[in-house]
Amino acid sequence: MKIATWNVNSLKVRLPQVLEWLTLNQPDVLCLQETKLQDEHFPVSEIAAAGYQTIYSGQKTYNGVALLSRQPVSEVFTGMPGFEDPQKRLLGGVHDDVCVVCIYVPNGEHVTSEKYQYKLRWLAALREWLREMLSRHRKLVVLGDFNIAPEDCDVHDSKLWEGKVLFSELERAAFREVLDLGFIDSFRLFDQPEKSFTWWDYRMMAFRRNMGLRIDHILLSRELAGMCTACVIDKATRRLERPSDHAPVIVELGGSVQEKERSAGSEASIRVSANEP
DNA sequence: ATGGCCTTTATCAAAGGA
């Protein structure tokens, strides 16, 4: 099972890239953020033509999240119960037996901004809600644009970013508190290239100079982490003409013991048949 | 050097993103 997240920075602009990306990567689930579309304008039929069902929660101009999937999603939810928020930043549901939560954490603007306080409130509400979700779903994935670089190695220049929004202590502490509920940062389950990032500013030739941050994440419950066989950042998509400023992140699941044995068995049988005269 | 770019909006300048 392949699950991915991508902040597209306007689905209207990026729709051709999204359709191309689906064809190329064949994910089971793709979560989108910053669709910036009201629900009545969501391109349901174009995405259906590519073989994907959709759930979405959008608004005019800002925010907006969506979940594209091969199989239908059940138990669909939008927003967090008990946290009234006109900004459309969260949705999810159960795909196969995996509960998927797609999030677009507030940016925060600046550490002295009222929007920063909103970001911290939003993250506290997320933590408490996820605590409850974990008690109900052993297979839970929380993915999206967290707008937080968790560690020094997730920032191209940690001295420069010290204390700044996206890397401030309070944001990083909030991220750790979510992990402490029992989530694993899938990207760090594997050896990764040095200076791996998911976002690069459009300005300053930041992408060419790899001046980025790793702020898009895929967090897995322990049970899913045990099945995870890969997590990669799709940097190639950031190189396209007229790109989003974020690159997609992809996890591969299904590495349970049974799955591994099954795939090892089929490889062996292929090898045997290939050796036959 | 405190900007640079991109997207949106009852555009043509300003806000927001990160």
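To find a chain, count down the sequence lines: A is the first, B the second, and so on, and within it residues start at 1.
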5'-most contact on DNA chain B: A/V105 or A/R242, nearest heavy atom basis?
-> A/R242
Using the P atoms only, state how far B/dA10 lies from B/dG16, rounded to an integer number of Å.
-> 14 Å
Donor-acceptor pair present, A/N107 side chain and B/dA18 base, under 3.5 Å = yes
For atom C1', what is the distance between B/dT7 and B/dC12, given to the nearest Å?
-> 15 Å
Would you say a side-chain N or O of A/K60 is under 4.0 Å from OP1 or OP2 of B/dA10?
-> yes
Sugar-phosphate only, base, or nothing, as touched by A/N7 at under 4.0 Å among non-hydrogen atoms | sugar-phosphate
Output, in order, the C-alpha distance, side-chain angles, deciding distance and verdict of side chain to side chain donor-acceptor pair (under 3.5 Å) for A/D234 and A/W6.
-> CA-CA 10 Å; A/D234 172 28; A/W6 187 11; over 6 Å; no
Using a heavy-atom cut-off of under 4.0 Å over every strand shown, decide if A/V13 touches base, sugar-phosphate, or nothing.
-> sugar-phosphate
Point-to-point distance, once rounded to the nearest 0.5 Å, from CG of A/N7 to CD of A/E34 | 4.5 Å
Rounded C1' spacing from B/dA1 to B/dA13 in Å | 25 Å
Phosphate OP1/OP2 of B/dA18: any A/Y104 side-chain N/O under 4.0 Å = yes
Which part of the nucleic acid, if any, lies within contact of A/D216, taking any heavy atom under 4.0 Å across all strands shown: a base, the sugar-phosphate backbone alone, or nothing?
-> nothing
Counting just side-chain N and O atoms, does A/N147 come under 4.0 Å of either OP1 or OP2 of B/dA18?
-> yes
Provide the distance between the two P atoms, one in B/dG17 and one in B/dT2, to the nearest whole Å.
-> 23 Å
Matching residue for A/T198 among A/T5, A/D245, A/D216 - test: side chain to side chain donor-acceptor pair (under 3.5 Å) = A/D216
Span that lies between the P atom of B/dT11 and that of B/dC6, in whole angstrom | 23 Å
Per nearest nucleotide of DNA chain B, the residue lying toward the 5' end, A/S10 or A/E109, is A/S10
Residues from residues 198-209 of chain A sitting under 4.0 Å of DNA chain B, heavy atoms only?
-> A/W199, A/Y202, A/R203, A/M204
